[in-house]
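The structure appears right after this line, and notes come after that.
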2 protein chains.
Amino acid sequence: MTDTRFKSWQSVQEEVLARIHSRKWKPGDFIPNEADLAQEFGCARATVNRALQNLADEGLLDRRRKAGTRVATHPVRKATMYIPIIRQEIRDRGLEYGYELIRSEKVMPPREIGKSMGSGKRIDVLHIVCLHTADGRPYVLEDRWLNPKWVSREDFSIFSDTSPNEWLVTHVPFTEGNIVFSAISAGKTEAELLSCKEGDALFVIDRTTRDKQETITSVRLTFFPGYRIETTI
Amino acid sequence: MTDTRFKSWQSVQEEVLARIHSRKWKPGDFIPNEADLAQEFGCARATVNRALQNLADEGLLDRRRKAGTRVATHPVRKATMYIPIIRQEIRDRGLEYGYELIRSEKVMPPREIGKSMGSGKRIDVLHIVCLHTADGRPYVLEDRWLNPKWVSREDFSIFSDTSPNEWLVTHVPFTEGNIVFSAISAGKTEAELLSCKEGDALFVIDRTTRDKQETITSVRLTFFPGYRIETTI
DNA sequence: GAGTGGTCTAGACCACTGG
DNA sequence: CAGTGGTCTAGACCACTCG
């Protein structure tokens, strides 16, 4: 049964996938253990391990010590979304990118945002509103709150022609955070800035970036009506 | 410089992360090569490799042969979204799951959907509309087209009390597909079925599952107003 | 307790790609 | 061409967890 065709973990993965697709191994079934598969494929166990682990990461297999490996019953449990890097996304569509600063101020933020920025106290926070355009038409509205601890007065002024996004990349450490996708109805402000009608459905991404509990920046991206974000599984 | 604290790839990864966070290694910087790091950490190169590869997968490092490894300039490039398994999602929220079949028919599908199901010809296709409820309130509307090649007449009748989702898991092979997230404005139908107002902004997921070019099923999930999907980075 | 996956090692060779 | 990451191997031990 030893087979010499399987030399790389990719080829092992392909064979495993083929067996799943062909329903030789059905959802819920246990598959042979790594050692046996290694022998059948004529490769090292580490190679099989790499292949199976990768498939498990993608959600196609469930693996547990002692219990073994089985084909997942819910194949599509996660999808990897590529978060748009706005300027690049617009260019990729063959459109001309434009940036426009709409508002830049230091004010008391909404309670919810302020809480996590001022170590408990409510403090003034930098607030930037800007618009990214594609071929001159509104593409996405960026509404950002920046913890002043991370931005000096001088830096602040640069946002007149540099998107906060670009600046953040090189001035703020990598951190943790979360992202929320949702849909909102365009209010008066959004309608004006995005040149759409009030009530239009808009796709929204809220992202918060933290450094140990403390919020560094919180941003809402509101896209033009009809925007869609796509991914392959 | 050899250090004995780093025994596992996770600990190596943590150390690398720490150096990125502390900005000892800044975005765009090259970091030492694997061999050097292995020596510094006092572990095998394979261990360093595993750690760095994982960070590269997460988008925090850019790696290229010969060129080397550098800290990514755009840290948050992708996010892994956990696609809701509706019944489970509702239960996780502590609500009672309910299922209601609204329509079940075999009809000529919209051109776009029909094309990829009938090997070129337009054929009748199974169409299911159902509603998933949480504590009796509309949660998500499921509008699904099923390639009849994959569903027999008898199977079809079961959808009166089983969500197509559950059925698909055990009867259809794993495949490829794509997912699209977007926002729509509630029309008359959505408003009625989801008990919301016309014009409300609704979050929508469109998912298509294919087996080699041929579409097996195409589904649109339209969520109640206010629905959000969240992920951590 | 025993079976299975998870990981580490040391060494080797390969594959890609920048200069 | 040469440097770097990518991968494979064979063997070993560990960690978890099912029964």
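By convention in this document, chain letters (A, B, ...) are assigned in the order of the sequence lines, proteins followed by strands, and residues within each chain are numbered from 1.
- Paired with A:R220 under the rule side-chain hydrogen bond (donor to acceptor under 3.5 Å, both in side chains), one option of A:D206, A:D143, A:T208 passes, and it is A:D206.
- Atom CZ in B:R70 sits roughly 12 Å away from atom P in D:dG5 (whole-Å rounding).
- Of the listed nucleotides (C:dT9, D:dC18, C:dG5), C:dG5 has the atom at the smallest distance from the side chain of A:R63.
- Around CZ of A:R137, the count of heavy atoms belonging to other residues, nucleotides or ligands within 6.0 Å does not exceed 12.
- Between B:F223 and B:Y227, the angle of the ring planes stays under 30°, which puts this pair in the parallel group of the 30/60° scheme.
- Remark: C1' of D:dA10 and CD of A:Q39 are 14 Å apart, rounded to the nearest angstrom.
- When distances are taken from the side chain of A:T47 to each of D:dT9, C:dT17, C:dT7, the shortest belongs to D:dT9.
- Comparing C:dC8, D:dT9, D:dT7 by their nearest atom to the side chain of A:Q10 picks out D:dT7.
- When each of D:dG5, D:dA2, C:dT7 is scored by its nearest atom to the side-chain atoms of B:K66, the top-ranked nucleotide is D:dA2.
- Nearest to the side chain of A:E34, among C:dT7, D:dT7, C:dG5, sits C:dG5.
- One atom, CZ of B:R64, and another, P of D:dA2, lie 22 Å apart when rounded to the nearest Å.
- In terms of position on DNA chain D, the residue among B:I31 and A:R65 whose nearest nucleotide sits closer to the 5' end is B:I31.
- Residue A:R45 places a side-chain atom within donor-acceptor reach of the base of C:dG6, judged by atom type and a 3.5 Å distance cut-off alone.
- Residue A:A46 places its side chain closer to D:dA10 than to any other of C:dG18, D:dG6, D:dA10.
- When the side-chain nitrogen and oxygen atoms of A:T69 are compared with OP1 and OP2 of C:dT4, none of them lie within a distance under 4.0 Å.
- Ranking D:dT7, D:dC18, C:dG5 by closeness to the A:N33 side chain, first place goes to C:dG5.
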